[in-house]
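The chains referred to below are lettered A, B, ... by the order of the sequence lines, with proteins before strands, and numbering in each begins at 1.
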Number of protein chains: 2
Amino acid sequence: MSASATRGQIVSVADRLFYEQGYEATSFADIAAEAGLSRGNFYYHFKAKDAILEAVIAARMADTRTMLESWEDGASDPLERIRSFAHIVIRNQAKIMAHGCPVGTLCNELAKLEHGAKGDAAGVFVLFRDWLAEQFAALGRERDAEALALHVLMRSQGIATLATALGDEDFVRREVRAIDQWLEDQLPAVTRPLQE
Amino acid sequence: MSASATRGQIVSVADRLFYEQGYEATSFADIAAEAGLSRGNFYYHFKAKDAILEAVIAARMADTRTMLESWEDGASDPLERIRSFAHIVIRNQAKIMAHGCPVGTLCNELAKLEHGAKGDAAGVFVLFRDWLAEQFAALGRERDAEALALHVLMRSQGIATLATALGDEDFVRREVRAIDQWLEDQLPAVTRPLQE
DNA sequence: GTACTATTAGGACATTTGACCTAAATTTCT
DNA sequence: AGAAATTTAGGTCAAATGTCCTAATAGTAC
């Protein structure tokens with residue numbers, strides 16, 4: 001296997017294990033075993049655990065950018081794009097109930113570890129925030145676009161945390177519907193049907 | 001020192017360290033050092049780390065009950081009581097920005113560790129949920145009291161997570177105001193001033 | 001008071017685990 | 001073939017968990 005392929009394999013496995021088990025609880029041996037590599041080979045590619053974390057975060061940033069682009073391609077309507085984001089918690093419901101939101105839980109863990117990469121991990125949130133803000137701006141809410149974006153992010157994080165803690169599927173569906181409703185209420189009147 | 005006092009001291013220190021550093025990242029030695037005990041003595045009181053976790057969760061349940069009672073004593077108006085809850089994130093802003101919500105982050109960590117105590121930890125959420133639902137019921141929303149309670153919990157969790165990740169104080173204040181506004185909008189019209 | 005017993009405290013190991021390192025073997029490329 | 005890149009199989013070292021043993025203290029029976 002080529003070096004970059006092996007490296008990619010390590011990052012991919014580490015990404016999943018960091019999400020499923022947490023960063024601290026995942027050892028070199030865990031990743032090496034799942035990737036089918038020796039521990040030494042592992043060290044050939046990454047000198048320290050911090051380095052894998054950085055690579056995983058970089059991969060998540062790239063994946064997020066790709067996802068946002070796909071949503072832009074999939075819908076020209078900004079409202080529809082925002083809904084694409086809001087509905088992640090339903091599409092990934094099973095995983096979220098088992099392990100929470102990948103971004104939120106990693107940020108929380110790194111905060112407790114006082115790990116320098118916390119800011120990098122939060123970069124994924126910034127990516128979502130700015131993208132959401134763009135969509136709100138396109139809907140005519142330039143003034144408070146960022147606040148609205150953070151509000152949507154906040155709700156998705158709250159849903160994820162309670163979904164993990166309580167495992168209530170009805171709650172998740174209900175709250176996503178509530179986001180949809182809230183979104184409609186945010187539209188300037190001129191863009192809504194006349195009868196409202 | 002008496003046995004129960006020593007035990008209480010251990011639980012108190014463990015409670016704080018589990019919050020600040022996380023459960024996994026906190027070792028017996030950490031707790032013993034901060035509590036001023038030897039490791040051997042420590043084992044006299046708690047045979048395993050799980051046992052300390054259980055005691056910490058039990059203590060948090062008790063503390064939460066006490067806090068809820070104090071809010072009941074402090075305000076006869078259910079709306080005011082709910083506000084007491086919603087404003088925790090402002091009162092504890094500094095701690096939340098550093099270490100997140102104690103309940104949410106513990107549940108997330110235990111979920112990833114597949115630790116059996118996750119359900120116990122989530123019990124604190126259930127405590128808050130039921131108490132909030134009681135307040136909403138007292139406001140005339142018996143039908144959807146639990147859904148409203150979970151909505152408030154959800155928002156406080158989302159605020160905590162983003163506060164930790166992004167460290168934005170304005171965001172926290174804005175979203176707490178938004179909860180206050182939302183709360184007022186939930187009141188049946190009859191209980192609101194006539195001009196609305 | 002003395003002997004006995006239970007509780008509390010302290011610390012010395014033994015075992016395990018995980019991060020990190022090295023040198024030899026193997027593969028790949030030229 | 002020979003150099004370079006890659007992989008493997010070990011091993012080291014520190015930290016964490018968990019066990020065991022000893023000593024001090026306090027209470028109790030006589």
Side-chain angles (χ1 to χ4, degrees), chain A residues 1-59 105-106 109-110 112-118 120-121, chain B residues 1-57 59 106 109-110 112-118:
Chain A
M1 185 150 45
S2 79
S4 69
T6 304
R7 200 190 132 97
Q9 165 77 350
I10 291 173
V11 172
S12 160
V13 169
D15 188 358
R16 182 170 55 79
L17 291 183
F18 287 173
Y19 174 43
E20 291 176 355
Q21 312 182 345
Y23 172 67
E24 272 266 306
T26 301
S27 69
F28 273 37
D30 288 341
I31 303 171
E34 291 236 6
L37 302 168
S38 68
R39 279 172 300 147
N41 187 9
F42 198 98
Y43 186 75
Y44 175 76
H45 293 279
F46 293 97
K47 309 229 188 298
K49 212 175 169 185
D50 290 359
I52 312 170
L53 179 61
E54 270 176 46
V56 166
I57 292 173
T105 54
L106 182 61
E109 187 177 357
L110 296 181
K112 283 183 198 288
L113 298 175
E114 297 188 74
H115 195 293
K118 194 201 90 173
D120 296 335
Chain B
M1 181 150 45
S2 79
S4 68
T6 303
R7 202 190 130 95
Q9 165 76 351
I10 291 174
V11 171
S12 159
V13 169
D15 189 0
R16 183 170 54 79
L17 291 184
F18 287 173
Y19 174 44
E20 292 175 356
Q21 311 180 344
Y23 173 67
E24 272 267 306
T26 301
S27 70
F28 275 39
D30 288 341
I31 304 171
E34 292 236 6
L37 302 170
S38 71
R39 287 182 27 69
N41 185 15
F42 197 97
Y43 272 90
Y44 178 79
H45 294 279
F46 293 98
K47 312 265 177 264
K49 211 176 168 185
D50 290 358
I52 311 170
L53 179 60
E54 271 176 45
V56 166
I57 292 174
L106 183 61
E109 185 176 359
L110 296 181
K112 282 181 199 287
L113 298 175
E114 296 188 77
H115 195 293
K118 194 201 89 175

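Between Tyr44(B) and dA9(C), a side-chain N or O to OP1/OP2 separation shorter than 4.0 Å is absent. At the phosphate of dT7(C), neither OP1 nor OP2 sits under 4.0 Å from any side-chain N or O atom of His45(B). Taking 4.0 angstrom as the limit, Tyr43(A) places none of its side-chain polar atoms (N or O) nearer than this to OP1 or OP2 of dC20(C). Contact annotation: Ser27(B) side-chain N/O to dA15(D) OP1/OP2 distance is not under 4.0 Å.
In this structure the side chain of Leu113(A) reaches within 4.5 angstrom of the side chain of Glu24(A), judged on heavy atoms.
With a 6.0 Å cutoff to the six-membered ring centre and a 45° limit on the axis angle, Lys112(B) does not count as a cation-pi contact of Phe18(A).
Proximity of a side-chain donor or acceptor of Ser12(A) to a complementary backbone N or O of Gly8(A) within less than 3.5 Å is not detected.
Contacts of Phe28(B) with the nucleic acid, taken as non-hydrogen atoms under 4.0 Å apart, involve only primed sugar atoms and P, OP1 or OP2.
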Between protein and nucleotides 9-12 of chain D, what N or O pairs are separated by less than 3.5 Å?
| residue | atom | partner | partner atom | Å |
| --- | --- | --- | --- | --- |
| dG11(D) | O6 | Arg39(A) | NH1 | 2.7 |

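Within residues 48-58 of chain A, the residues approaching DNA chain C are Ala48(A), Lys49(A), by heavy-atom distance under 4.0 Å.
Distance CZ (Phe42(B)) to P (dA16(D)): 13 Å, rounded to an integer number of Å.
Under a 4.0 Å N-O distance rule, the pair Glu34(B)/Arg16(B) qualifies as a salt bridge.
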